[in-house]
Amino acid sequence: MNYFSEFENGIEYRYGGETLRVLPWGESSFRVLSCPFGKMDMESAALLQPEKIICNIVFEKDKAVITNGKLTCEIQSQGENMPARIRFLNEKGKELLAEQSSGGALNRKARRFRPIAGGSYQLKVTFDARSNEKLYGMGQYQQDILDLKGCTLELAQRNSQISIPFYISSLGYGFLWNNPAVGEVTFARNATVWKAESSRQMDYWVTTGDTPAEIERAYMQATGKPPIIPEAGLGYWQSKLRYYSQEEVLRVAREYKKRGIPVDVFIIDYYHWTRCGDYRFDEEFFPDPAEMIKELKDMGMKTMVSVWPQIDTRSENYQEMYQKGLLVQTDHGLNVQTTFHGNNVFYDATNPEARDYVWEICKKNYADLGVDYYWLDAAEPEFSTYDYDNYRYQAGPVLQAGNLYPREYARGFYEGPERSGQKGIMNLVRCAWAGSQRYGTVIWSGDIHSTYQDLKNQICAGLQMGLSGIPWWTTDIGGFYGGNAENPEFVELLLRWFQFGTFCPIMRMHGNRQPYTEIRKANGEVTEGTGAANEIWSYGEEAYQIMKHYIDVRQAMRDYVRSIMEQAHQEGDPVMRPLFYEFPEDPVCWVLDYSYMLGSDLLVAPIVEQRAMEREVYLPEGAQWVHASTGTEYQGGQKVRVEAPISSIPVFLRDGRQEYLLNLL
């Protein structure tokens, strides 16, 4: 019996009600879909439509083989009442990835669809595991684990957790779970298991390449590359929780200007508004925002304002948005999705009409006053209890489509300004999914704590996010929770974090500094308060001089940072890279030691231990390395121990490149 046929330059397999398709989707890449019953949906959650590719296809009695460039896919029948098994091989015939076999009498199914009332399925897809394989990417999880082998990861969005289900394997392939459902993946020793809580079909994408860079570029070609970053993305951003008044904003900005310290972006955080969902400045605290923004611009500072997706039920826009069906739906219980200074629901960013509605309000109340960029906070969105099974988007139940939300939220604030004629769109967003990079998103790592462990976690998070397709990434320098300027231990941590931030893709100061001050409106109503001062002169003269120096370092690096941002735009390469990305032939580089490459020229080794004034650094084989602080030259392929007083971060220049840093570090 003939189970196989050609379909759109690929292969279609039908058996027992299942339709399985393997389609060329980019160079040396395949998209694999399976529908257990009925018509297959060819829309893609993450993948862009590729150019047409002609593949070599061979049909045998019980097997079909399709080859696209360096990647071959075999679909092998497993006998009566068992679905076919899929394997992927490189151009040398080496197996890269294979679905789990039936196991003979075990009667296993690699593609398992368990029906749910209403027409969807709980989906589980199982692949063979290899003990020598290392896995990297998958978005952002608050842990200091770079090699994800052995990890179980929730496929869901939370504050400081970002699910982007793409990984790069040390065996030479990349894998995207092209499914926005809430679920889980386990990279175990005996199997790799992907689960979706609710899905109508299976959809994944596989590519191969000779280097991590080749794999990464294929993924970025498939999901989209970032635009050209505006010039303001290259320098220093100033923020705190929160500048609560126009007077405070201008006082701080004028002081930076007076001291001759360049600030590219000045950020006005949340609750500058009246209520969530009003999307406008509160005139009590910001009486003339247009004049404020103009003065900031005259001082060379771009203005970014916070926008939340929450709509307070008392908001002036709530009733109209509710009537028009622009809000996330609650399936049962009270229609309260989060509580913050009142009962709130979220607008449905997966609904194009809702995106347009919110943008038009923001255009009138922000963009038309001169606001340049938007801080899209709570982008997961941040449900109070993350009861994913209780909410519904236009794109589908949150269990089935929930991970799309942050990307579509960012999309509204990219396509809206684009329609309005804005150039150089760049917005700060707290969450992402595959393809978010297309929409000018700077991702930051969420509301993390002010600890050395959190600092370690952020190094790992930045590297994983770069591999997951997000080159524009940053953290709250110093952490968000727990910092106090009167605590010398925190000041030390802040300085180490500030040094790390200098060598991040985006350099941004932020945090909820203690003590916290309550703010009341004129009518006595309590509004969101403000944290203690968080300017670089707020932590004593020694700390001020060190931080000022590193802002100067960042300014000196503008041309270099611009060049690697351009590389991200053109090729899709991360800005912040694990060592193995540049040195894949060196096995030591596949192990995390809190060092990384910024672009191809700078090896950065942050200090991540309290009171540490030196650290060991591995210098990859295949290059000469110059210690930027001392000018000492080292041969690659060895570990060196270097001093790092509180004013210094170990940075090494690859083959002596970027030699101007020798005079600064």
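Throughout, residue positions are numbered sequentially from 1 according to the sequence presented.
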| request: Please step through salt bridge (Lys or Arg N to Asp or Glu O under 4.0 Å) for the pair E216 and R577, ending with a clear verdict. | output: CA-CA 11 Å; E216 183 72 22; R577 307 168 186 174; over 6 Å; no

| request: Show the numbers, then the answer: is there a side-chain hydrogen bond (donor to acceptor under 3.5 Å, both in side chains) between W537 and E255? | output: CA-CA 10 Å; W537 54 81; E255 185 65 21; 5.6 Å; no

| Mind checking whether Q246 and P287 have side chains closer than 4.5 Å, heavy atoms only? | yes

| query | Is there a side-chain contact between R513 and F490 (heavy atoms, below 4.5 Å)? | reply | yes

| request: Would you indicate whether the side-chain heavy atoms of N365 and F281 approach each other to under 4.5 Å? | output: no

| message | Applying salt bridge (Lys or Arg N to Asp or Glu O under 4.0 Å) to R411 and E408, what does each step give before you reach the verdict? | response | CA-CA 5 Å; R411 180 179 182 177; E408 300 305 283; 3.0 Å; yes

| query | So, the side chain of W177 versus the backbone of P165: is there a donor-acceptor pair under 3.5 Å, distance only? | reply | no

| Donor-acceptor pair, side chain of Y414 and main chain of I425, under 3.5 angstrom | no

| query | Taking atom types as modelled and ignoring hydrogens, do the side chains of S44 and N178 form a donor-acceptor contact shorter than 3.5 angstrom? | reply | yes

| query | Are any of the side-chain heavy atoms of I311 and Q337 separated by less than 4.5 Å? | reply | no

| message | Applying ring-ring contact (aromatic ring centres under 6.0 Å, His included) as the test, list every pair that has at least one member in residues 288-321; sequence neighbours left out. | response | Y270-W308, W273-W308, W308-F340, Y318-Y322

| task | Using atom types as modelled and distance alone, determine if a side-chain donor or acceptor of Q464 lies under 3.5 Å from a backbone N or O of M138. | result | no

| said: I'd like to know if the side chain of T223 pairs up with that of Q437 as donor and acceptor (distance under 3.5 Å, no hydrogens or angles considered). | reply: yes

| message | Contact between Q140 and W473 at the side-chain level, heavy atoms closer than 4.5 Å - yes or no? | response | yes

| request: Carefully, step by step, assess E535 and R259 under the rule salt bridge (Lys or Arg N to Asp or Glu O under 4.0 Å). | output: CA-CA 12 Å; E535 295 72 58; R259 292 173 182 251; over 6 Å; no

| field | Donor-acceptor pair, side chain of Q157 and main chain of N403, under 3.5 angstrom | value | yes

| query | Considering residues at least two apart in sequence or located in another chain, which fulfil the salt bridge (Lys or Arg N to Asp or Glu O under 4.0 Å) criterion with E320? | reply | K324

| task | With the side chain counted from C-beta on, respond yes when V185 and L155 share a heavy-atom pair under 4.5 Å apart, and no when they do not. | result | yes

| field | Verdict with supporting geometry, L234 and D264, side-chain contact (heavy atoms from CB on, under 4.5 Å) | value | CA-CA 8 Å; L234 308 179; D264 280 64; 5.6 Å; no

| Is it true that the side chains of Y539 and N534 contain a donor and an acceptor less than 3.5 Å apart? | yes

| task | Assess whether side-chain contact (heavy atoms from CB on, under 4.5 Å) is satisfied between F266 and I293, documenting all intermediate values. | result | CA-CA 10 Å; F266 198 102; I293 294 163; over 6 Å; no

| note | For I443 and C431 the tightest heavy-atom approach is CD1-O, 3.3 Å

| query | Any side-chain donor paired with an acceptor under 3.5 Å for N344 and T338? | reply | no

| said: Side chains of F285 and Y271, heavy atoms from C-beta outward: is any pair under 4.5 Å? | reply: no

| query | When you measure from the side chain of E248 to the backbone N and O of Y244, does any donor-acceptor pair fall under 3.5 Å? | reply | yes

| Flag, side chain of D331 to backbone of R392, donor-acceptor distance under 3.5 Å | no

| request: Calculate, to the nearest 0.5 Å, the distance between atoms CG and CG belonging to D447 and D454 respectively. | output: 11.0 Å

| message | Using the rule given for side-chain hydrogen bond (donor to acceptor under 3.5 Å, both in side chains), can you reason through N351 versus Y357, listing the C-alpha separation, both sets of side-chain angles and the distance that settles it, and then say yes or no? | response | CA-CA 10 Å; N351 180 344; Y357 181 95; over 6 Å; no

| message | Go through it in stages, so that I can follow the logic: the residues are S315 and D278, the test is side-chain hydrogen bond (donor to acceptor under 3.5 Å, both in side chains), and I'd like the CA-CA distance, side-chain angles, deciding distance and then a yes or no. | response | CA-CA 6 Å; S315 167; D278 288 351; 2.7 Å; yes

| task | Test side-chain contact (heavy atoms from CB on, under 4.5 Å) on L148 and Q143 and set out the steps. | result | CA-CA 10 Å; L148 298 172; Q143 57 189 27; 3.6 Å; yes

| task | Provide the closest heavy-atom pair for S468 versus G139 in the form atom of the first, atom of the second, distance. | result | OG-N, 2.7 Å

| note | Quick note, salt bridge (charged side-chain N to carboxylate O under 4.0 Å, His left out) partners involving residues 225-239, not counting sequence neighbours, are E231-R558, E231-R562

| said: Has N512 got a side-chain atom pairing as donor or acceptor with L241's backbone, closer than 3.5 angstrom? | reply: no

| Short side-chain donor-acceptor distance under 3.5 Å, D372 and T303 | no

| Ring centers of H510, F480 separated by less than 6.0 Å | yes

| query | Does one side chain, of Q394 or D348, offer a donor that lies under 3.5 Å from an acceptor on the other? | reply | no

| query | Do other residues, nucleotides or ligands put more than 12 heavy atoms under 6.0 Å from the NZ atom of K294? | reply | no

| Side chains of W497 and T475, donor plus acceptor under 3.5 Å | yes

| remark: The residue among Y374, Y347, Y279, Y366 that forms ring pair (Phe, Tyr, Trp, His ring centres under 6.0 Å) with W359 is Y374

| request: Please confirm whether the backbone N or O of E528 pairs with a side-chain atom of R242, one donor and one acceptor, at under 3.5 Å? | output: yes

| message | Test your reading of the model: is there a side-chain donor-acceptor pair from S450 to the backbone of G478, 3.5 Å cut-off? | response | yes

| message | Over 60° means perpendicular and under 30° means parallel, so tell me whether F383 and F346 are parallel, tilted or perpendicular. | response | perpendicular

| Hey, is the main chain of T339 close enough, under 3.5 Å, to the side chain of S384 for a donor-acceptor pair? | yes

| said: We want to know whether E154 and S163 form a side-chain donor-acceptor pair, criterion being a heavy-atom distance below 3.5 angstrom. | reply: no

| field | Over all atoms of both residues, closest heavy-atom pair of I506 and T474 | value | O-OG1, 2.9 Å

| Say you draw a straight line from NE2 of H569 to CD1 of I228; how long is it, rounded to the nearest 0.5 Å? | 4.0 Å

| query | Less than 4.5 Å apart, any side-chain heavy atom of M321 and any of V345? | reply | no

| message | For a side-chain hydrogen bond (donor to acceptor under 3.5 Å, both in side chains) check, start with the C-alpha distance between Q142 and Q458, then their side-chain angles and the critical distance, and finish with the verdict. | response | CA-CA 8 Å; Q142 291 301 325; Q458 302 329 298; 2.9 Å; yes

| query | Could you state the interatomic distance from CG (L404) to OG (S436), rounded to the nearest 0.5 Å? | reply | 9.5 Å

| Looking only at heavy atoms, what is the nearest atom pair of N427 and F413, with distance? | ND2-O, 2.8 Å

| request: Go through K363 and D368 one step at a time and tell me if the salt bridge (Lys or Arg N to Asp or Glu O under 4.0 Å) criterion holds. | output: CA-CA 6 Å; K363 179 181 182 301; D368 290 351; 3.1 Å; yes

| Using a distance-only test with no angle check, is there a side-chain donor-acceptor pair under 3.5 angstrom linking W444 and D476? | yes

